[in-house]
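This report concerns only the one structure given below.
In this text, all values refer to a predicted model and were calculated from it rather than measured experimentally. Chain letters run A, B, ... following the sequence lines, proteins first, then strands; residues in each count from 1.
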2 protein chains.
Amino acid sequence: MKKYEEIALDLQKKINKKEFTMKLPTEDQLIHTYQVSRNTIRNAINSLVKIGIVYPIQGSGMFIRPPKKENAICLNGTRGITVDSPSKEISTQVLELKIINADEKLSQSFHCDIGTPIYYIERLRFRDNQPFAIEYTYYNKDIIPYIGREIAEKSIYRYIKEDLKLTFGFSDKYLKVIKLNERDSSLLQLENGDPGLEIEDHVYLNNGQIFNISHIRYNYKLGYFYVSSI
Amino acid sequence: MKKYEEIALDLQKKINKKEFTMKLPTEDQLIHTYQVSRNTIRNAINSLVKIGIVYPIQGSGMFIRPPKKENAICLNGTRGITVDSPSKEISTQVLELKIINADEKLSQSFHCDIGTPIYYIERLRFRDNQPFAIEYTYYNKDIIPYIGREIAEKSIYRYIKEDLKLTFGFSDKYLKVIKLNERDSSLLQLENGDPGLEIEDHVYLNNGQIFNISHIRYNYKLGYFYVSSI
DNA sequence: TAGTGGTCTAGACCACTTT
DNA sequence: AAGTGGTCTAGACCACTAG
C-alpha cells in the first residue's frame, strides 16, 4: 500500500477511536509522526477531505466533521448498499439473470457494438428482511465475463473488486421520483401508485470503461440518502 | 486569482470550446504552455477531476468526460438551482420572511444558543413559470445579518457570496421521498398525496460555521438530479 | 521502449488565525 | 509574533499504457 493511503487509513481509525478531539494534529506533527514529507501528509489528509470526514480552515487546522446520520445511503462513491448499512442485514433475491444482446439504445449507453453480450439482472434487495429496493441491472459481459446466481445473491461489487481484481473509477448517478408500477409496488410491499426514488447509475472502471448501468427503485419509506458536497 | 485557478478556468473554457478532443494535453505540454511547475498543473487538473469533467488514466492521459444530461440539478457542490439551469428562467415568489428565535432543536442544528435570531424564509420557485420547488429555509442572522424581500426574490446565495463576500465551504444533503401535504401539493399544482423529493441541506462557510439549513421539496414531475462520484 | 500520470522528497514563501 | 494551512518550485523515481 502507498504511504499516503496507510496514513489516511491510520488517521481514519484514530478519528473513529476518538483519539483526536476537534482537530487533527498539525501537518508538522504528522510529518514527524509518520516520517514522511509534507506533500505525502497533505495527500493523505486530502483523501479524508474528499470523503467528507475532515475540513480545513486555513491558519487554524484540519477539523473533524460530525458523524453522518445512521442508515443514510451515501451517494458519493461507487460502493454498494452493503457497506452503508453495517448494522443492518442485507439479503438479496435474484428475480432474473440472463444474457441479452445490446440493442441500439444499450449499445449507445455502453459505448459498445450492437449485439454485444450483456448480463441483465433483476434483484429484490432486503434490509433487515424488509423489501428495500428493486434493481434492474446491466453488465457488459466483455468486461465482466461471468456472473452466476451464486454471485448475484451476494455482492456483485465485492466479486468484481476482490475476485476479478478490477478497480472502480467513477460513476454518474441520475435521480428522480417516480410512481411505482403494479409489479414494483407489489414486490416492495407498497400500494400501487406509491412513489419510489429511481437512481440510474452509470459505473466506470478506473480505465474509463463503463461496465455497469443500473436502475434502482427504492422503497420510499426506507430509502434515506446522503450527499456530501464541497 | 491563483495560478492553478486561472489554469483550471482556461482549460475548462477550452474544453467547452472543444479545443481538445478526447484528452487534455499532457502535463509536460501544459507546464510548457503555462510556464508553471508540474505541481501547479496537477493542482489545476485536480480541480477539474473533482467537478467530474475529466478523469485520469495512468500512463495514458487525462480524458474528457461526456457532458451531463441537460436540466439535471447537480447535487455536488454548494451552488443554488440557478446555475444548474442556465437555459431556463428561474423566478421566485417569497411566501414568508421573518426573524424567529432559535428553539432547542434549531439551536442544536445551528450549534448556536437558544434564542439566537434566525431568518425563516419560505419561497416558491418556478422554472420557466412552472412551480418547481418549495423551500423552507433558515439562516443564522448572527452570520447573515440582513436578508430583505428584494434579496429573497432574487438569489440569496449570490448575495451572500458577492455582496457579503462570504465563502461557502461544504454542505451535507439528506434526501428522501415524501408524500406532499395539501398545502405543498397545491402550491406545486399537484394532487394531494402526490410524491415529492425532499432535500435537507446543511450549508457551511469555509470557516466551518453552519449558516443555512433548508428543506426543499421538489415537484416530482420536474425534479431531475445528478450526482458525480469518485 | 517511450510516453504519461502517480508518488515522494525538500524547501521557500504566502494567507489566514490565534495569542 | 507565532502557528498553521495554501501555493509554488525543482527534481527523482515508480506504475501503467501503448506502439
Side-chain angles (χ1 to χ4, degrees), chain A residues 1-11 20-50 53-65 143 164-170 204-209 230, chain B residues 1-11 20-50 53-65 143 164-170 204-209 230:
Chain A
M1 194 153 20
K2 290 148 204 160
K3 284 188 187 179
Y4 82 93
E5 286 176 332
E6 283 196 0
I7 294 169
L9 270 178
D10 192 54
L11 289 174
F20 309 130
T21 55
M22 298 286 297
K23 287 191 205 185
L24 295 187
T26 67
E27 295 184 349
D28 277 348
Q29 286 171 323
L30 292 172
I31 287 166
H32 182 257
T33 304
Y34 294 104
Q35 293 293 313
V36 294
S37 75
R38 187 165 171 222
N39 186 25
T40 301
I41 291 295
R42 286 178 64 76
N43 208 343
I45 291 176
N46 206 2
S47 62
L48 300 184
V49 173
K50 266 189 212 162
I53 72 176
V54 301
Y55 64 91
I57 299 183
Q58 188 178 4
S60 183
M62 303 296 310
F63 288 77
I64 295 164
R65 288 175 69 168
I143 302 171
L164 299 183
K165 309 269 184 224
L166 296 175
T167 308
F168 293 6
F170 51 90
Y204 298 75
L205 296 177
N206 68 341
N207 65 7
Q209 283 185 303
I230 308 175
Chain B
M1 188 147 34
K2 291 147 204 161
K3 283 188 188 179
Y4 81 92
E5 287 176 332
E6 283 196 0
I7 294 169
L9 270 179
D10 192 54
L11 289 174
F20 309 129
T21 54
M22 298 288 294
K23 287 192 205 184
L24 295 187
T26 67
E27 295 185 349
D28 278 347
Q29 285 172 323
L30 293 172
I31 287 168
H32 182 258
T33 304
Y34 294 103
Q35 293 293 313
V36 295
S37 74
R38 185 163 173 224
N39 187 24
T40 300
I41 291 296
R42 287 178 63 77
N43 208 343
I45 291 177
N46 207 1
S47 62
L48 301 185
V49 173
K50 266 188 213 162
I53 72 175
V54 300
Y55 64 92
I57 299 183
Q58 188 177 2
S60 181
M62 303 296 311
F63 288 77
I64 296 164
R65 288 176 68 169
I143 302 171
L164 300 183
K165 309 271 184 221
L166 296 174
T167 308
F168 292 7
F170 51 90
Y204 298 74
L205 296 177
N206 68 341
N207 64 6
Q209 282 186 303
I230 308 175

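Atoms CG and CG, from A/Leu166 and A/Asn206 in turn, are 8.5 Å apart once rounded to the nearest 0.5 Å. Annotation: the span from A/Thr40 atom OG1 to A/Asn46 atom CG amounts to 12.5 Å, rounded to 0.5 Å. Interatomic distance, CD of B/Glu27 versus CG of B/Asn39, reported as 10.0 Å (0.5 Å rounding).
Between C/dT7, D/dG6, D/dC8, one nucleotide has an atom nearer to the side chain of A/Arg42 than all others, and that is D/dG6. Of the candidate nucleotides D/dG5, C/dT9, C/dC8, C/dC8 has the atom lying nearest to any side-chain atom of A/Tyr4.
Helical stems in DNA chain D, defined as runs of 3 or more consecutive Watson-Crick or G-U wobble pairs with both donor-acceptor distances under 3.5 Å, are listed by first residue as C:1-18 with D:1-18.
Regarding B/Ile41, its CD1 atom lies at a distance of 16 Å from the C1' atom of D/dG11, rounded to whole Å. As a whole-Å value, the separation of A/Leu48 CG from D/dG5 C1' is 15 Å. Rounded to whole Å, atom P of D/dC16 lies 14 Å from atom CG of A/Leu166. Taking atom CG of residue A/Leu205 and atom C1' of nucleotide D/dC16, one finds them 15 Å apart after rounding to whole Å. Rounded to whole Å, the distance from CG on B/Asn207 to C1' on C/dT18 is 14 Å. Protein atom CG of A/Leu24 is 16 Å distant from nucleotide atom C1' of D/dG3, rounded to whole Å. If you measure from atom CE of B/Met22 to atom C1' of D/dT17, you get 14 Å, rounded to the nearest angstrom. B/Asn39 places its CG atom 14 Å from the C1' atom of C/dC13, with the value rounded to the nearest Å.
With contacts defined as side-chain heavy-atom distances shorter than 4.5 Å, the pair B/Val54/B/Leu11 does not qualify.
Across all non-hydrogen atoms, the minimal contact from A/Tyr34 to A/Ile41 is CD1-CD1, 4.1 Å. Across all non-hydrogen atoms, the minimal contact from B/Lys23 to B/Ser60 is NZ-O, 2.8 Å. Scanning both residues, A/Tyr55 and A/Ile64, for their nearest heavy atoms gives CE2-O, 4.5 Å. The heavy-atom pair separating B/Ile7 from B/Ala44 by the smallest distance is CG2-CB, 3.7 Å. Shown here for A/Ile45 and A/Met62, the closest heavy-atom pair between the two residues is CG2-CE, 3.3 Å. Closest heavy-atom contact between A/Gln35 and A/His32: NE2-O, 2.9 Å.
Between B/Lys23 and the phosphate of C/dT4, there is no side-chain N or O to OP1/OP2 separation shorter than 4.0 Å. Taking only side-chain nitrogens and oxygens, B/Lys3 comes nearer than 4.0 Å to OP1 or OP2 of D/dT9.
When each of A/Phe63 and A/Ser37 is assigned the nucleotide of DNA chain C bearing its nearest heavy atom, the one mapping closer to the 5' terminus is A/Ser37.
With hydrogens and angles ignored, no donor-acceptor pair closer than 3.5 Å exists between the side chain of A/Arg38 and the base of C/dT7.
By the neighbour-count criterion of 12 heavy atoms within 6.0 Å, atom CE of B/Met1 is densely surrounded, having more than that number from other residues, nucleotides or ligands.
Residues from residues 53-61 of chain B with heavy atoms under 4.0 angstrom of DNA chain D, sorted by number: B/Gln58, B/Gly59, B/Ser60. Contact check of residues 26-34 of chain A against DNA chain D (heavy atom, cut-off under 4.0 Å) returns A/Thr26, A/Glu27.
The aromatic rings of B/Tyr204 and B/Phe170 lie parallel to each other, their planes meeting at an angle below 30°, with 60° marking the opposite boundary.
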